[in-house]
Amino acid sequence: MSLDLITQGLNPAQAEAVVSEQPTLLVLAGAGSGKTSVLTRRISYLLAQGKIAPNEFLAVTFTNKAAFEMKERIVDLLGNLGFPPPPDMWVSTFHSMGARILREHIYLLDYPGSFTIYDSDDQLKAIKAVLKEMGINDKSVSPKSIREGISKAKSECLYPNQQDLLENHIWIQNFPEIYKRYEEKLAASKALDFSDLLFKTYELLLSYPDVLAQYKNQFKHILVDEYQDTNSLQYKLIKLLAEDSSDLFCVGDEDQSIYSWRGANVKNISNLERDFSSYLIKLEQNYRSTQNIVHASNELIKNNSERKPKTLFTENVEGDKIKIIETNTEYDEAKLVASQIQNLINQGEDANDITIFYRMNSQSRVLEEQLRMKSIAHRILGGLRFYERKEIKDILAFFKLAANPRDEISILRVINVPKRGIGKTTIDRLVEKARELNISLFEAMEQLEAEAFLKPSPRAKILGFLKIIKRLIEIKDRPITEVYRELLDLTGYVIQLKAENTSEADARINNLEELDNALTYFEQERSNEATLDQFLEETALVAGIDEADFDTPMVTLMTLHVSKGLEFEHTFMVGLEEGMLPCVRSDDKDDPEEIEEERRLTYVGMTRAKKTLTMTYARTRKVWGQDQYYPVSRFIDEIPDDYAIKSSLAPSPSKSSWRSGASSGYSGGNNSYASQKYRKQEFEADAFPDYESFSDSHADEGAMFQKGSRVKHPVFGFGSILEVEGSGELMKVKIVFSDQSVKKFVAKYARLELI
């Protein structure tokens, strides 16, 4: 067999990694440097050379998709060399590896080989049962937060009685005891949770040296993909299996370590060098991006200290400079991005090759709106469209009940949201009563006020829910933002999310904040037509558009965390502001580890781009409906002018519009609703920009609206202006749309596009 067939097309560093005889090899694979090809070719090389049998190596990665692709590539490579598909390969995720070992040996831990694996819902039920046994109300202690805490403890190899747990995980009262009882409950049911697939494997191998020796002898080579994403437990497992007997091959990039929030430990790179005499190979040639993008990314990431020196280079063309553009508001930013995408599509670019990255899911709403306005087909990767998200649909259900309390679907959706202890039995009895009397569920709840057909406790809970709906009916004609904020007060929706203390809950709070911003814009745009009924009508229209089945290619929207491993011809990154990216709490804004991870996240986004990269930021964004000033991200200042064109489309203030992130803080609003009750982070005060000298771009645009002008609205589509009244900020336009509906808007806020 010719060795050249395995290494064909590889650069010298890649080829060295494939054929190296070093017992422990650390391959630092920069973005776009072909790490997957190196990993699969090394396995193929070892198999083809007869250095190992198919069951004598272990290759682990983090997703089933990545594992499947690794297997597929190995089979293809060997097939090209005339070898049959190798049987019984250990190529899998870490957790699949653990499950495979446990199925064979877990009887030693007094579990059957047919043990049950609890999913996240099963875990919550077990935790709630423990809380009930301990007499702890699950409204005062969040089961989701406990679940997250237990998973974190296991990823750090911590048992309930360990001192480290008491010192580092005591953000929940009685947590060690809850954790201990949870483990007892799982053991009694002969069940494992997802984290146990590794935690119990580690326990098994430590407790039974003969089992450990079996696998140490079997796995002559251990290969780890995406090594920078390993947590403490995964590293300990690999160390246990590889020590003394196995060759170890780890490939990864500390510059792309962006998952510390789920336990990834970037220090595992230095741990490997400490615990093994590892040989280092750097893959620094980038095959993905233009020279300008590669050089700019290098300049950004070199500001991190928790990394090994590595400088990407490419033989690709120089390419366009990165565009860095300041806009006035998030709406202006979204409009700019949508327009530039429209231009690319008009020039013949495939929408599938275009993406928009943002730091938080809540940022997608205004982008979705502007893409809809230009009829640009788009998809959300790794998430739902804004108005499909659970918390948004919950709020809309409450709004629907304010408008129509006989809406049974909405009642059933939110009767126990947020959780108020109304169980299925109670709901079934209520439905049964409504059917018996041939009345609506709402009327059945009213009937309960006079007729106690439920026991006192469930009756009180139903009447509490009824009180909320009646209050919403009472205030539904008030400004919609006022209705929304009272709804949050009445239900305690945000307070309950904050109590969960999980990353998922934080994301939901961000979305509720963005809904407040949407309602504020709606009020400004529609003036006296900004009713609750009108808002529900318009969101229903948006949902109808979102559900359309587009046969055409689509622009992809996603968070930066989801972007890992992907690449696009044309990339847009939005929200490059302090407080957004980097996104850190105000008390952590100078924490080096927090900032370095946010810089790595920015680096990952930049290095997804192949041909063009546009980075944008807004001078102001709405926070719970109030304009807040966000200074430009410090990361923008770290990109040299040699590789970027920086410009501003915002109205010129009296001071320079190109602000330095080095001196910036965070602006704080005086909105007591936001700052006192629901803001998840407090901002430090900073000098507010001089808006008095700004020209009003919206008013200037409004002056262009005339009777007969053709326009397009993001929700209602194409129309013609019937009437124009007033001028400047007070200008209103009446428009007849293609479906013959007539709507009136405040021109300044209407988001209308002249055709």
Please name all residues satisfying side chain to side chain donor-acceptor pair (under 3.5 Å) with R471, sequence neighbours left out, ordered by chain then number. E474, E486
Please report the C-alpha distance between V746 and Q524 in whole Å, then the side-chain angles of each, then the deciding distance to 0.1 Å, and finally whether the side-chain contact (heavy atoms from CB on, under 4.5 Å) criterion is met. CA-CA 7 Å; V746 177; Q524 293 173 336; over 6 Å; no
For atom CD of E593, is the number of surrounding heavy atoms from other residues, nucleotides or ligands below 6.0 Å larger than 12? no
Can you name the residues that form a ring pair (Phe, Tyr, Trp, His ring centres under 6.0 Å) with F399, not counting sequence neighbours? none
In a check of side-chain contact (heavy atoms from CB on, under 4.5 Å) between M360 and each of N510, D506, L560, which one passes? N510
Suppose we screen for ring pair (Phe, Tyr, Trp, His ring centres under 6.0 Å). Which residues come up paired with F535, at least two apart in sequence or across chains? F522
Who are the side chain to side chain donor-acceptor pair (under 3.5 Å) partners of N303, not counting sequence neighbours? E638
Using a cut-off of 6.0 Å, state whether more than 12 heavy atoms not belonging to K734 lie near its atom NZ. no
For K622, does the NZ atom have more than 12 heavy-atom neighbours from other residues, nucleotides or ligands under 6.0 Å away? yes
Parallel under 30°, tilted from 30 to 60°, perpendicular over 60°: which one fits the rings of F568 and F357? perpendicular
Can you see which heavy atom on L752 is nearest to which on F705, and at what distance? CB-CZ, 3.9 Å
Within 6.0 angstrom of K323 NZ, more than 12 heavy atoms from elsewhere: no
Which residue in the set K610, R288, R608 passes salt bridge (charged side-chain N to carboxylate O under 4.0 Å, His left out) when paired with E569? K610
Residue list, ring pair (Phe, Tyr, Trp, His ring centres under 6.0 Å) with Y358, at least two apart or on another chain: none
For Y603, all residues meeting ring pair (Phe, Tyr, Trp, His ring centres under 6.0 Å), sequence neighbours excluded: none
Relative to the ring of H713, is the ring of F737 parallel (under 30°), tilted (30 to 60°) or perpendicular (over 60°)? perpendicular
